[in-house]
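Worksheet for the structure shown next.
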Amino acid sequence: MSTPKKVVVLDYGFGNVRSAERALARVGADVEITRDYDAAMNADGLLVPGVGAFSACMEGLKRARGDWVIGRRLSGGRPVMGICVGMQILFARGIEHGVESEGLDEWPGTVGPLKAPVVPHMGWNTVEAPADSRLFAGVDPDARFYFVHSYAVHDWELQITNPAMRSPSVTWATHGEKFVAAVENNALWATQFHPEKSGDAGAQLLTNWIETL
């Protein structure tokens, strides 16, 4: 019997860490909620949740040294997964109410207001995942995932010019307009929706991530 993978849910004050903990434990991970630097660095996987304002999440992340943890893990090819605003802060910048805030800049791009008849985008929606997606492997193409957000990334700007490098796998969703719903880019994966609140489909996604650790 294989040893369960150790996953740290980064507790920096923003995000429903308990629901993430339960969902990960349900699919077989050994989960710890902490902001301890060594624990976060040494875990097999690091999950970064996030709710609320982009700028506030960034401030909380920096207070907890989460920006250092994420950067150091990724520089060593150690898996990190962001959820909701935990995905948004991985981009270069966020614009809320006309105010621009710096993100982690792991990916180029801007998080901006979602242009749709009804905002926030709250509830279940389908996604368009690439055929080669590892995150969505074994998931029904018509599966729905749970979204709660008013901001999104509308354009994917990272271009891979080295043919030896694997191109990122970008998944899209539509609510009023198309936006980035998930990204798989080497050790860094992220979803705009909440897999921990998305039933069996979300559980399959978390299982797929854990299997890469």
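- Grouping the Ile, Leu, Val, Met, Phe, Trp and Tyr side chains by contacts below 4.5 angstrom, directly or via other members, places V48 with W68.
- Here the closest non-hydrogen pair linking A53 and V85 is O-CG1, 4.4 Å.
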Could you pull out every donor-acceptor pair under 3.5 Å between side chains of residues 200-213 and any protein atom, sequence neighbours left out?
unit_1: Q204; atom_1: NE2; unit_2: N208; atom_2: OD1; d: 2.8
unit_1: T207; atom_1: OG1; unit_2: A203; atom_2: O; d: 2.9
unit_1: N208; atom_1: ND2; unit_2: R134; atom_2: O; d: 3.4
unit_1: N208; atom_1: ND2; unit_2: L135; atom_2: O; d: 2.8
unit_1: N208; atom_1: ND2; unit_2: A137; atom_2: O; d: 2.8
unit_1: N208; atom_1: ND2; unit_2: Q204; atom_2: O; d: 3.4
unit_1: T212; atom_1: OG1; unit_2: W209; atom_2: O; d: 2.6

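- Residue pairs meeting the salt bridge (charged side-chain N to carboxylate O under 4.0 Å, His left out) criterion with at least one partner in residues 15-27, sequence neighbours excluded, are R18-E21.
- S133 contributes no side-chain N or O that, together with a main-chain N or O of P130, makes up a donor-acceptor pair within less than 3.5 Å.
- Distance SG/C84 to NZ/K197: 8.0 Å, rounded to 0.5 Å.
- Hydrophobic clustering (side-chain heavy atoms under 4.5 Å, transitive across Ile, Leu, Val, Met, Phe, Trp, Tyr) keeps W189 apart from V180.
- Cluster membership check: I95 does not share its hydrophobic cluster with L90, using side-chain heavy-atom separations under 4.5 Å among Ile, Leu, Val, Met, Phe, Trp and Tyr.
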Practice problem: List the steps and the verdict of side-chain contact (heavy atoms from CB on, under 4.5 Å) for K6 and V31. | Solution: CA-CA 6 Å; K6 179 72 176 184; V31 192; over 6 Å; no
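- With hydrogens and angles disregarded, no donor-acceptor distance shorter than 3.5 Å links the side chain of W156 to the backbone of V153.
- Between the side chain of N16 and the main chain of S19, a donor-acceptor pair closer than 3.5 Å is present.
- In this structure, OG in S198 is found 7.0 Å from CD in E196, a value given to the nearest 0.5 Å.
- With hydrophobic clusters built from ILVMFWY side chains whose heavy atoms lie under 4.5 angstrom apart, V80 does not share a cluster with V9.
- Proximity of the aromatic rings of F179 and Y151 is defined here by a centroid distance below 6.0 angstrom, and this criterion is not met.
- The nearest pair of heavy atoms linking A182 to F136 is CB-CE1, 4.0 Å.
- Within 6.0 Å of the CH2 atom in W124, the count of heavy atoms belonging to other residues, nucleotides or ligands exceeds 12.
- What you find for V127 and F145 is that their closest heavy atoms are CG2-CE1, 3.9 Å.
- A heavy-atom distance below 4.5 Å is found between the side chains of L104 and D67.
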Exercise. Let me see the working for L61 and I70 under side-chain contact (heavy atoms from CB on, under 4.5 Å), right down to the final yes or no.
Key: CA-CA 10 Å; L61 190 72; I70 292 169; 4.1 Å; yes
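- Of all the heavy atoms in P108 and A92, the pair that sits closest is CA-CB, 4.3 Å.
- Atom-to-atom distance recorded for S55:OG and H97:NE2 is 8.5 Å, nearest 0.5 angstrom.
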Practice problem: For the pair N185 and L158, evaluate side-chain contact (heavy atoms from CB on, under 4.5 Å) and give the outcome as yes or no after the intermediate values. | Solution: CA-CA 10 Å; N185 181 207; L158 179 63; 3.9 Å; yes
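- Contact check for V17 versus P49: side-chain heavy atoms found under the 4.5 Å cut-off.
- Remark: side-chain polar atoms of D140 are paired, donor with acceptor, to backbone N or O of D142 under 3.5 angstrom.
- The shortest distance between side-chain heavy atoms of I83 and P195 falls below 4.5 Å.
- Inter-residue side-chain proximity for L188 and E106 is flagged as met; some heavy-atom pair is nearer than 4.5 Å.
- For F193 and Y146, the distance between ring centers is not under 6.0 angstrom.
- The distance from atom CD of Q192 to atom CZ of F147, rounded to the nearest 0.5 Å, is 7.0 Å.
- S101 contributes atom OG, which lies 11.5 Å from atom CD1 of I89 (distance to the nearest 0.5 angstrom).
- No donor-acceptor pair closer than 3.5 Å links the side chain of Q88 to the backbone N or O of F54.
- Applying the 6.0 Å contact sphere to CD of E177 captures more than 12 heavy atoms from other residues, nucleotides or ligands.
- Remark: R65 qualifies as a cation-pi partner of Y37 under the 6.0 Å distance and 45° angle criteria applied to the six-membered ring.
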Quiz prompt | Verdict with supporting geometry, M41 and V69, side-chain contact (heavy atoms from CB on, under 4.5 Å) | solution = CA-CA 6 Å; M41 281 299 301; V69 172; 4.2 Å; yes
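- Criterion: ILVMFWY side-chain heavy atoms under 4.5 Å apart, direct or through other members. Under it, M81 and L46 are not part of a common hydrophobic cluster.
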Show me the donor-acceptor pairs within less than 3.5 Å that the side chains of residues 109-123 make with the rest of the protein, sequence neighbours left out.
unit_1: T110; atom_1: OG1; unit_2: R93; atom_2: NH1; d: 2.9
unit_1: H121; atom_1: ND1; unit_2: H149; atom_2: NE2; d: 2.9
unit_1: H121; atom_1: NE2; unit_2: N125; atom_2: ND2; d: 3.3

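- Taking all atoms of both residues into account, the shortest heavy-atom contact from R166 to D132 is NH2-O, 3.6 Å.
- We find the CZ-CD1 distance between R35 and I33 to be 12.5 Å, quoted to the nearest 0.5 Å.
- With hydrogens and angles ignored, the 3.5 Å screen pairs no side-chain donor or acceptor of D30 with any backbone N or O of K5.
- Heavy-atom minimum distance, L74 versus R78: CD2-O, 3.9 Å.
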